[in-house]
Structure formats: structure tokens, C-alpha cells
Amino acid sequence: MPRSVDHDTRRSEIADAVLALVARSGTEAVSLRSVAAEAGISMGRVQHYFASKDALLLHALDRSHRQMEERIEARARAVGGGDRAVLATILDELLGEHPRTRDALRIHAAFATREVDERARAILTDGDDAIRALAVRVVTDAGSADPDTDAHALLALTGGLSAEVALHGAPVDRARRTLTAMLDRLAPATARGPAGDPE
């Protein structure tokens with residue numbers, strides 16, 4: 001058991017080194033050699049766990065996704081409320097204000113135009129169906145005549161705003177105002193908190 005824990009810890013440390021490189025210099029800076037230097041370990045040790053740059057990036061993406069899910073769950077618990085509040089929290093997190101979320105978005109974008117295997121696709125699309133189903137439910141409850149289209153529009157807007165923030169340095173506050181305005185049109189709330197969540 002201790003050996004397994006050590007392996008998990010080492011993989012997490014390597015993933016954190018990948019994320020540090022991505023945050024500073026983008027995904028292009030990631031290589032087996034640069035990650036080894038960032039983590040303060042030998043290149044052979046990195047290769048023991050990850051055979052390629054893609055494997056490094058995908059593991060870092062998976063780690064940052066899990067951390068993002070934990071933040072969303074914590075924020076949703078703090079906000080309380082129903083489906084709309086949870087959706088607003090998820091979409092706000094996806095805008096990329098948190099550094100780790102921005103890193104995840106940058107890694108995601110690096111794979112966007114490439115052919116990926118099933119394992120990679122599972123990581124890249126993890127949670128998408130659940131978020132889409134939640135968005136459909138929220139706009140349906142708000143009386144949408146075309147919930148599938150409205151939910152898609154909301155998620156597509158979130159994706160575009162996220163890319164502006166993560167890839168082009170657009171202000172997250174402007175992105176948040178735009179997203180909140182769209183959510184309010186599709187699923188009005190009687191009272192809103194800081195991120196468009198019902199009070």
C-alpha cells in the first residue's frame with residue numbers, strides 16, 4: 001500500500017510541474033526534459049511514469065479537472081439553492097478565473113484540433129453530458145420553448161468566453177458580466193449574488 005501511495009504522490013508532483021510550465025509558458029513548453037527540471041527529478045523518473053508529452057498533458061488535465069470539480073462542489077454547497085444556482089456556479093468556474101482552471105482550458109485547447117484516443121477523449125469530455133443535461137433542465141424550468149438550443153447557446157457562449165480569458169487574456173469580469181446577462185435572459189433569477197447565483 002505505501003508503494004501505491006508513493007506512486008500517486010509522484011504522479012501528482014509531476015502533474016503539478018506540468019501545470020506550472022503551462023501557466024508560465026503554455027503547452028509548447030512541456031516536454032519530458034522540461035518537466036523533469038521543473039519537478040527537480042531525473043528525466044528517467046518522468047519517463048517511468050509518462051511515456052510522452054501527451055501522456056503528461058492528459059494526466060495534468062485530469063488532475064486539474066478533478067480539482068475544478070472539488071471547487072465547484074464547495075462553491076455550490078456555499079451558495080445553496082437549486083439547479084440554476086449550481087449551473088451558474090459551474091459556468092462561472094469554467095470561465096477560468098482560477099489559475100488551475102485556466103491551465104486546464106489551455107491544455108484542452110492544445111488537444112482541440114488533434115486526433116485523440118478514447119482515453120484522451122474521455123478526459124477531455126468528462127462531465128460535459130452532465131453539464132448539458134443540467135443546462136437543459138434549468139432553461140426548461142424557466143419556460144424555454146427550445147431548451148436544447150438555448151442550453152447549447154449558453155454552453156457555447158461559456159466556451160467562447162473561457163477561450164478569451166484563458167488563451168487571450170481577456171478580463172474575467174467582462175466575461176462574467178456577459179455570461180450572467182445571457183443566463184438571466186434564458187433563466188431569470190429573482191435575486192442574484194455576485195456570480196449571477198440566486199441569493
Side-chain angles (χ1 to χ4, degrees), residues 6-76 78 88-117 119-128 131 155-179 194-195:
D6 288 345
H7 288 319
D8 290 343
T9 299
R10 179 61 73 189
R11 288 170 67 87
S12 295
E13 290 171 350
I14 293 171
D16 287 341
V18 172
L19 292 168
L21 286 168
V22 170
R24 283 202 309 271
S25 308
T27 56
E28 300 80 9
V30 175
S31 68
L32 295 174
R33 188 177 303 282
S34 66
V35 170
E38 182 72 26
I41 59 178
S42 70
M43 189 171 163
R45 180 59 62 93
V46 174
Q47 289 175 308
H48 175 73
Y49 292 102
F50 302 101
S52 67
K53 173 179 175 174
D54 281 4
L56 283 165
L57 286 170
L58 285 169
H59 185 72
L61 178 65
D62 187 50
R63 179 166 167 75
S64 57
H65 268 193
R66 293 182 190 284
Q67 291 172 336
M68 182 169 59
E69 288 171 357
E70 291 171 2
R71 287 192 299 275
I72 288 170
E73 289 172 5
R75 290 179 61 185
T89 300
I90 291 171
L91 298 183
D92 188 71
E93 179 71 32
L94 291 174
L95 289 179
E97 181 172 36
H98 194 283
R100 280 293 172 89
T101 299
R102 274 200 307 277
D103 295 343
L105 292 168
R106 289 168 180 155
I107 296 171
H108 205 292
F111 283 93
T113 59
R114 295 161 54 185
E115 194 70 33
V116 294
D117 61 24
R119 177 180 169 275
R121 188 171 291 107
I123 294 172
L124 293 166
T125 60
D126 181 42
D128 287 0
I131 295 171
L155 298 179
L157 175 64
T158 304
L161 292 171
S162 299
E164 287 186 359
V165 172
L167 304 179
H168 306 296
V172 71
D173 287 343
R174 185 178 69 190
R176 181 175 287 124
R177 286 195 302 273
T178 304
L179 180 59

Inspect the contact between [Y] and [X] and indicate whether a charged nitrogen and a carboxylate oxygen are less than 4.0 angstrom apart.
X      : Y      : result
Arg10  : Glu13  : yes
Glu97  : Arg102 : no
Arg176 : Asp173 : yes

_With side-chain hydrogen bond (donor to acceptor under 3.5 Å, both in side chains) as the criterion, how do Thr9 and Ser12 come out once you've worked through the C-alpha distance, each side chain's angles and the decisive distance to 0.1 Å?_
CA-CA 5 Å; Thr9 299; Ser12 295; over 6 Å; no
_Does anything in residues 158-168 form a salt bridge (Lys or Arg N to Asp or Glu O under 4.0 Å)? List the pairs, not counting sequence neighbours._
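Every candidate salt bridge (Lys or Arg N to Asp or Glu O under 4.0 Å) pair involving residues 158-168 fails, so no pair, neighbours aside, qualifies.
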*asked:* Among Arg106, Arg71, His65, exactly one meets side chain to side chain donor-acceptor pair (under 3.5 Å) together with Thr101. Which residue is that?
replied: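 Single pass found, and it is Arg71.
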*asked:* Evaluate Thr178 against Leu161 for side chain to side chain contact (heavy atoms under 4.5 Å, CB included), listing each step before the verdict.
replied: CA-CA 8 Å; Thr178 304; Leu161 292 171; 4.2 Å; yes
Nearest atoms (heavy-atom pairs only) where [X] meets [Y]:
X      : Y      : result
Ile107 : Leu57  : CG2-O, 3.7 Å
Val165 : Ala175 : CG2-CB, 3.9 Å
Ala166 : Leu105 : CB-CB, 3.7 Å
Ala60  : Val18  : CB-CG1, 3.6 Å
Leu32  : Phe50  : CD2-O, 3.7 Å

Could you state the interatomic distance from [atom1] ([X]) to [atom2] ([Y]), rounded to the nearest 0.5 Å?
X      : Y      : atom1 : atom2 : answer
Thr89  : Ile72  : OG1   : CD1   : 8.5 Å
His108 : Ser162 : NE2   : OG    : 10.5 Å
His98  : Asp92  : NE2   : CG    : 12.5 Å
Ser52  : Leu58  : OG    : CG    : 8.0 Å
Arg11  : Asp16  : CZ    : CG    : 13.0 Å

*Do other residues, nucleotides or ligands put more than 12 heavy atoms under 6.0 Å from the CZ atom of Arg121?*
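Counting other residues, nucleotides and ligands, CZ of Arg121 exceeds 12 neighbours.
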*Test side chain to side chain contact (heavy atoms under 4.5 Å, CB included) on Arg75 and Ile90 and set out the steps.*
CA-CA 9 Å; Arg75 290 179 61 185; Ile90 291 171; over 6 Å; no
*Chi angles and distances behind the side chain to side chain contact (heavy atoms under 4.5 Å, CB included) call for Met68, Glu93*: CA-CA 8 Å; Met68 182 169 59; Glu93 179 71 32; 3.5 Å; yes
*For the side chain to side chain contact (heavy atoms under 4.5 Å, CB included) test, which of Leu94, Asp128, Ile131 pairs with Leu155?*
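Answer after filtering Leu94, Asp128, Ile131: Ile131.
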*Examine His59 together with Tyr49 and report whether their ring centres are nearer than 6.0 Å.*
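No, ring centres 6.0 Å or more apart.
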*Below 4.5 Å, heavy atoms only, C-beta onward: do Glu69 and Asp126 meet side chain to side chain?*
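Result yes, sub-4.5 Å side-chain heavy-atom pair found.
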*Would you find a donor on one side and an acceptor on the other, under 3.5 Å apart, between the side chain of Arg100 and the backbone of Gln67?*
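No, Arg100 side chain to Gln67 backbone: no donor-acceptor pair under 3.5 Å.
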Under 3.5 Å, side-chain donor or acceptor atoms of residues 20-30 against the rest of the protein: list the pairs with distances, not counting sequence neighbours.
residue: Arg24; atom: NH1; partner: Glu38; partner atom: OE2; Å: 3.3
residue: Arg24; atom: NH2; partner: Glu38; partner atom: OE1; Å: 2.7

